[in-house]
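Worksheet: the structure to be examined is printed underneath.
A, B, ... follow the sequence lines: proteins, then strands. Residue 1 opens every chain.
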There are 2 protein chains.
Amino acid sequence: MTTILRNIEKHVSLGRSETETLLSFFQNIPVSKKELIIHQGRLCDMLFFVESGSFRAYHLNKDGKESTIMFAPEDWWVTDMNAFLNGTPSLLSLEALEDSKIYAIGRKNFDLALDKIPQLERFFRILFQRAYIREQLRVLDNISLTTEERYLNFISKYPQLVQKVTQKQIASYLGVTPEFLSSLKKK
Amino acid sequence: MTTILRNIEKHVSLGRSETETLLSFFQNIPVSKKELIIHQGRLCDMLFFVESGSFRAYHLNKDGKESTIMFAPEDWWVTDMNAFLNGTPSLLSLEALEDSKIYAIGRKNFDLALDKIPQLERFFRILFQRAYIREQLRVLDNISLTTEERYLNFISKYPQLVQKVTQKQIASYLGVTPEFLSSLKKK
DNA sequence: AGTTAGGCTTAATCTATCTTAAGTTTATTT
DNA sequence: AAATAAACTTAAGATAGATTAAGCCTAACT
């Protein structure tokens with residue numbers, strides 16, 4: 001069974017014909033390391049599922065400062081949800097951290113799939129509910145913890161990721177400079 | 001029509017019998033200013049809809065430092081979603097900023113309602129999708145903007161709220177001390 | 001294999017923000 | 001209306017974090 005079906009069937013079950021319908025909406029795409037699948041400033045009408053590999057979403061501000069918004073490991077759904085939903089230019093770029101494989105579905109097919117396969121409403125309801133909780137906990141982290149606490153949280157929460165990403169990227173996820181993170185680690 | 005139905009029908013439409021079923025799951029509760037409807041550390045198995053008035057959700061850390069996680073104005077859905085969904089102790093307290101009226105639904109009835117009224121899956125899918133986007137944009141704000149920029153964003157984004165809340169509460173929403181916010185404003 | 005770019009470290013200096021504490025104003029309670 | 005508590009302001013001194021710049025190390029490119 002494909003990884004994407006296994007992911008969906010964690011929360012809802014689909015019949016055979018629904019399965020086929022669903023898969024017909026997705027394209028399977030290989031992505032090589034450092035390739036961007038979302039470009040900041042452009043429109044983004046694709047939702048992605050990471051079959052293998054991993055990604056990093058970041059934002060560049062006017063001064064060229066880079067902020068990492070999220071990491072997307074294997075078995076993860078990812079896009080610039082704001083751009084995807086509202087049709088506004090993307091605030092993020094999404095870059096492959098390694099050679100990866102993704103499934104992609106366009107906005108129109110996404111809406112179609114939700115109409116044709118009612119269980120998907122529940123699936124994505126649960127997915128977004130959890131995503132919301134995760135982001136809200138991160139906001140709480142950001143405003144209530146010290147940088148040191150947040151760094152320790154990060155490495156204990158995402159030990160696999162720590163192998164794949166640079167310290168500069170972790171710093172930009174925490175919202176501090178790489179120099180400062182480096183000096184924190186010395187302690 | 002009740003405010004709660006008007007809110008739901010922004011995104012999905014319900015039949016007469018579904019409407020009745022749905023409303024039977026909710027209790028309408030008056031809440032007086034400063035009353036807590038969620039207590040940090042206790043379980044939270046209720047989801048609320050703010051019919052009138054407004055609320056503030058905050059977290060107290062071990063040192064007694066208070067962090068404001070969110071404000072919930074009229075026509076807003078609110079709870080400690082993490083506690084509600086996972087059955088863990090609440091990380092937040094939810095306090096009425098003024099005399100208010102809410103609709104409340106328990107976790108069991110929430111699940112029942114989703115089973116009996118399939119349109120609700122879509123409704124909450126959209127609700128959580130937007131909530132996720134909102135929180136993600138706030139994370140981006142937190143890690144990429146200066147405090148001054150975030151303060152200006154806040155007052156331009158929530159001008160009505162600025163009337164109802166203290167500066168101390170805005171400071172704790174931004175993650176800075178009230179003294180620092182005060183000195184920022186002088187400029 | 002040699003070269004180059006980028007990542008990591010360290011340290012000095014500068015700026016943002018916190019802490020403490022006092023004084024003042026505004027809101028709440030009696 | 002008086003009394004009390006809480007919010008807001010101001011300022012001095014302390015700490016967290018940014019900036020700049022140099023040197024070193026590792027990974028990517030030819």
Side-chain angles (χ1 to χ4, degrees), chain A residues 31-36 53-54 56 58-68 71 93 95-100 141-155 161-187, chain B residues 31-36 53-54 56 58-68 71 93 95-99 139 141-155 161-187:
Chain A
V31 182
S32 33
K33 185 170 180 173
K34 296 200 175 163
E35 197 178 325
L36 298 188
S54 54
R56 179 177 74 97
Y58 62 91
H59 169 82
L60 275 180
N61 78 0
K62 39 191 163 25
D63 311 322
K65 184 184 149 196
E66 187 175 300
S67 300
T68 294
F71 295 102
S93 294
E95 176 196 51
L97 290 169
E98 58 195 313
D99 290 345
S100 304
D141 260 38
N142 278 335
I143 65 180
S144 71
L145 301 182
T146 64
T147 300
E148 187 178 358
E149 290 170 317
R150 293 194 295 121
Y151 174 66
L152 295 173
N153 277 180
F154 181 85
I155 58 180
L161 261 178
V162 177
Q163 316 306 325
K164 293 183 181 171
V165 306
T166 66
Q167 217 167 284
K168 190 183 166 190
Q169 292 169 344
I170 297 178
S172 94
Y173 179 89
L174 298 174
V176 298
T177 60
E179 293 84 355
F180 183 65
L181 181 57
S182 176
S183 73
L184 259 190
K185 285 182 68 174
K186 200 169 41 162
K187 303 198 316 182
Chain B
V31 182
S32 33
K33 185 170 179 173
K34 295 200 176 164
E35 198 177 323
L36 298 187
S54 54
R56 179 177 73 97
Y58 63 91
H59 170 83
L60 275 180
N61 78 359
K62 37 192 165 27
D63 311 322
K65 185 183 150 197
E66 188 175 298
S67 301
T68 294
F71 295 101
S93 294
E95 176 195 50
L97 290 169
E98 58 194 311
D99 290 345
V139 167
D141 259 39
N142 278 334
I143 65 179
S144 71
L145 300 183
T146 65
T147 300
E148 186 177 358
E149 290 170 317
R150 293 192 297 121
Y151 174 67
L152 295 172
N153 276 180
F154 180 84
I155 59 180
L161 260 178
V162 177
Q163 316 307 324
K164 293 182 182 172
V165 307
T166 66
Q167 215 167 286
K168 189 184 166 192
Q169 290 168 346
I170 297 178
S172 93
Y173 179 89
L174 298 174
V176 298
T177 61
E179 294 85 353
F180 183 65
L181 181 57
S182 176
S183 73
L184 259 190
K185 285 182 68 174
K186 198 167 47 164
K187 302 198 316 183

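- Nearer the 5' end of DNA chain D, as judged by each residue's closest nucleotide, is the contact made by B/Leu181, out of B/Leu181 and A/Thr146.
- Among the protein residues, B/Lys185 comes within range of no part of the nucleic acid, since none of its heavy atoms lies under 4.0 Å from any strand.
- Proximity of B/Thr147 to the phosphate of C/dT17: a side-chain N or O atom is located under 4.0 Å from OP1 or OP2.
- Side-chain proximity of B/Glu179 to C/dT20, D/dA7, D/dG17: nearest is C/dT20.
- Closest contact between the side chain of B/Ser182 and the listed nucleotides D/dC8, D/dT9, C/dT17 involves D/dT9.
- Rounded to whole angstrom, the span from the CG atom of B/Asp63 across to the P atom of C/dT20 amounts to 11 Å.
- B/Asp99 places a side-chain N or O within donor-acceptor distance of the main-chain N or O of B/Lys33, the cut-off being under 3.5 Å.
- Put simply, CD on A/Glu95 is 13 Å from C1' on C/dG6, counting in whole angstrom units.
- With A/Asp63 contributing its side chain and A/Lys65 its backbone, the two residues share no donor-acceptor pair below 3.5 Å.
- Applying the 4.0 Å criterion to OP1 and OP2 of D/dA11, one finds that B/Lys186 has a side-chain N or O inside that range.
- Contact check, B/Gln167 against D/dT9: a side-chain N or O comes under 4.0 Å of OP1 or OP2.
- Remark: P of D/dT26 and CD of A/Gln163 are 17 Å apart, rounded to the nearest angstrom.
- One can place CG of B/Asn142 at 15 Å from C1' of C/dT17, the figure rounded to the nearest angstrom.
- Considering only side-chain atoms of A/Lys33, the nucleotide from D/dA28, C/dC8, C/dT17 that sits closest is D/dA28.
- Taking every side-chain heavy atom of B/Lys168 into account, D/dC8 is the closest of D/dC8, D/dT10, D/dG17.
- The CD1-C1' distance, from A/Ile143 to D/dA16, rounds to 18 Å in whole Å.
- Close to C/dC18, at under 4.0 Å from its OP1 or OP2, lies no side-chain N or O of B/Lys65.
- Straight-line distance from the CG atom of B/Leu184 to the C1' atom of D/dT10: 14 Å, rounded to whole Å.
- Under the 3.5 Å distance criterion, the side-chain polar atoms of A/Thr68 are left unmatched by any main-chain donor or acceptor of A/Ser172.
- Side-chain nitrogen and oxygen atoms of B/Thr177 include none within less than 4.0 Å of the OP1 or OP2 phosphate oxygen of C/dT17.
- Side-chain proximity of A/Phe180 to D/dT10, C/dT9, D/dA18: nearest is D/dA18.
- In this structure, CG of B/Leu145 is placed 15 Å from C1' of C/dA16, rounded to the nearest angstrom.
- Going from atom CZ of B/Arg150 over to atom C1' of C/dA16 covers 12 Å, rounded to whole Å.
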Given side-chain contact (heavy atoms from CB on, under 4.5 Å), test B/Leu152 with B/Glu149 step by step and report yes or no.
CA-CA 5 Å; B/Leu152 295 172; B/Glu149 290 170 317; 5.9 Å; no
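- The OG atom of B/Ser93 sits 9.5 Å away from atom NE2 of B/His59, with the distance rounded to the nearest 0.5 Å.
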